[in-house]
Amino acid sequence: MASADPRTRDRRVDVLVALGTAVLALGLLLGLPPLDAVEPDGPALALRVPAPFTAAWTVLALGLLVQSAALLAARRAPGTVLVAVSALPVLVAALAPQSFDLFGLTALPVVVAVVLAALRVPLARLWPALLVAGALVAAGSVVLSAVAAGAFRGDFATGLTGSLGQGALQAVGAVGLPLLVTLLVRSRREVRVARTAEASAVGREQDALVDAAVSRERAAMARELHDIAAHHLSGIALMAAVIDRQIDSDPERAHEGARQVREQSTAVLDDLRRLVGLLRDDAPAERSVETVAGIVDLVERARFRSDVRLDVLTGDRPLGAQALADGVGPLAQLAAYRTVQEALANAVLHAPSAPCTVTVDDRDATRVVIRVENARAAAPAAPTSPSGGNGLRGMRERADLVGASLQTGPSATGGWLVELTLGREAPAAVTQAAGGGGVVA
């Protein structure tokens, strides 16, 4: 069932508050005299209470009803209603001084008006109405003391002092104390709302962190899938085209190419299985971590489909005396491996007949530089998908992730150059050599 309209609900609340105040005030007006009459020590208020339905009693009852009815407008104009409800007791005190001992009932609607106003209006805007209300409550008490009790018939100064003191107490009880209690309640409510908002903000922040983590994982998986597909499938497509041309003219070379296609297809399946293993929760993933040292095997496999040359520069240090790219973190080494893999795949795709050189410069004690450079294409490249371009973006994302520097673009010889610079997490004990000794494969 649909919830009630907020305006209708607010009107119902206003009616219930006004009706409850009127019923309580009139109930006390009717019930207090009989209760006082049955006191064991005798009726203490009988002489100060007007008989029911007399003029003074009726004025007091009408005043309470009008005060309660004014509360219906407290939501629209809380300050005005507070002043109006506080002013009515002054008129009641002047018209019905015989209601001396029941005059305190007129403070009940004032208390309700103070609570409603303090709950709905900030104190900075409400304080003028509160001051006026307090003054009116005190004025009503002074008027009642002057008319009914004759406080000013003797010493005027003494009567005025006593009346003002009693009025101040009445104002504190009708305005000050309800205001204090309401402010405490409102502050606790605001604290509760703030805590709820804070908890909601923390929840949204956690959701945002989860979404960001999921986005990063999706990007990482997309890069892995692209690297696997670009490296292996592009070679498979190229070798399949060569086999198609050689199957009649050179069957032996065609058979060799078919075996290479099978090896590449097996490599694709192995890489996909390892990637799926990383994503599964029911079993631990078993895969070797690609490193800079693995670039040597990567180049060896790439030679089956293109002319690739490998240069490993280690200075005066013999190759194998120290781990290649020592001091470079595992994530950075994986980024280097994938970058070379992608660069070789791009070279096969865009410059299929051009020689390519992979250089691993491990001579600097603070960094490792890896370059992949292919010569100008001697034959036109096969048409590519219009949705390409993810390879270079993936390279740059990997470099940014590990804090490496990546440069890509045309080389001086008209080919294409990819250069990745990796910083070492710890200085490596390498030997600087101007001659740049190393291994050439």
Side-chain angles (χ1 to χ4, degrees), residues 1-10 12-13 75 118-125 182-233 268-291 328-339 341-342 345 385-406 408 420-423 425:
M1 182 177 178
S3 59
D5 181 71
R7 293 183 179 179
T8 303
R9 187 169 57 250
D10 291 342
R12 289 177 181 175
V13 172
R75 188 179 300 274
L119 288 175
R120 296 165 180 170
V121 180
L123 185 61
R125 290 168 43 197
T182 306
L183 291 179
L184 290 176
V185 172
R186 192 174 73 175
S187 65
R188 291 179 63 86
R189 184 176 65 180
E190 291 175 350
V191 169
R192 185 167 61 252
V193 171
R195 288 177 178 174
T196 302
E198 181 181 3
S200 178
V202 170
R204 290 194 299 270
E205 181 181 4
Q206 292 295 331
D207 293 340
L209 291 176
V210 170
D211 292 340
V214 171
S215 298
R216 288 194 297 269
E217 290 299 323
R218 291 178 62 185
M221 287 188 289
R223 285 194 299 267
E224 292 294 327
L225 287 172
H226 179 271
D227 291 340
I228 292 172
H231 179 68
H232 294 295
L233 297 182
V268 171
L269 292 176
D270 290 340
D271 284 342
L272 289 176
R273 288 191 187 100
R274 286 196 294 266
L275 181 59
V276 171
L278 289 175
L279 302 178
R280 291 177 64 90
D281 295 331
D282 56 352
E286 297 181 359
R287 61 168 297 171
S288 59
V289 178
E290 290 85 355
T291 63
V328 177
L331 287 179
Q333 296 210 29
L334 174 60
Y337 183 93
R338 291 301 190 192
T339 299
Q341 186 181 53
E342 177 65 27
S385 170
S387 61
N390 292 322
L392 291 178
R393 184 168 66 242
M395 290 183 193
R396 195 161 302 280
E397 289 177 354
R398 289 183 183 278
D400 292 341
L401 183 64
V402 299
S405 174
L406 178 70
T408 61
L420 179 69
T421 303
L422 304 170
E425 297 179 355

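Note that the structure is predicted; figures quoted are calculated from it, not measured.
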Minimum-distance pair of heavy atoms, taken over all atoms of Met395 and Thr339: CE-O, 3.9 Å

Passes side-chain hydrogen bond (donor to acceptor under 3.5 Å, both in side chains), Arg204 versus Ser200? Steps please. CA-CA 6 Å; Arg204 290 194 299 270; Ser200 178; 2.7 Å; yes

Specify the closest pair of heavy atoms between Leu123 and Arg186, including all atoms of both residues, with the distance to one decimal. N-NH2, 3.9 Å

Shortest non-hydrogen contact from Ala118 toward Thr182: CB-CG2, 3.5 Å

Between Arg125 and Val121 the two heavy atoms that sit nearest each other are CB-CG1, 3.9 Å

Verify the neighbour count for atom CZ of Arg120: are there more than 12 heavy atoms of other residues, nucleotides or ligands below 6.0 Å? yes

Smallest separation among heavy atoms of Ala404 and Leu422, with atom names: CB-CD2, 3.5 Å

Taking all non-hydrogen atoms of both residues, which atom of Val328 and which atom of Gln333 are closest, and how far apart? O-NE2, 3.1 Å

For the CD atom on Glu198, are there more than 12 heavy atoms of other groups (residues, nucleotides or ligands in this structure) within a distance under 6.0 Å? no

Does the side-chain contact (heavy atoms from CB on, under 4.5 Å) test come out yes or no for Arg398 and Leu420, once each step is laid out? CA-CA 11 Å; Arg398 289 183 183 278; Leu420 179 69; over 6 Å; no

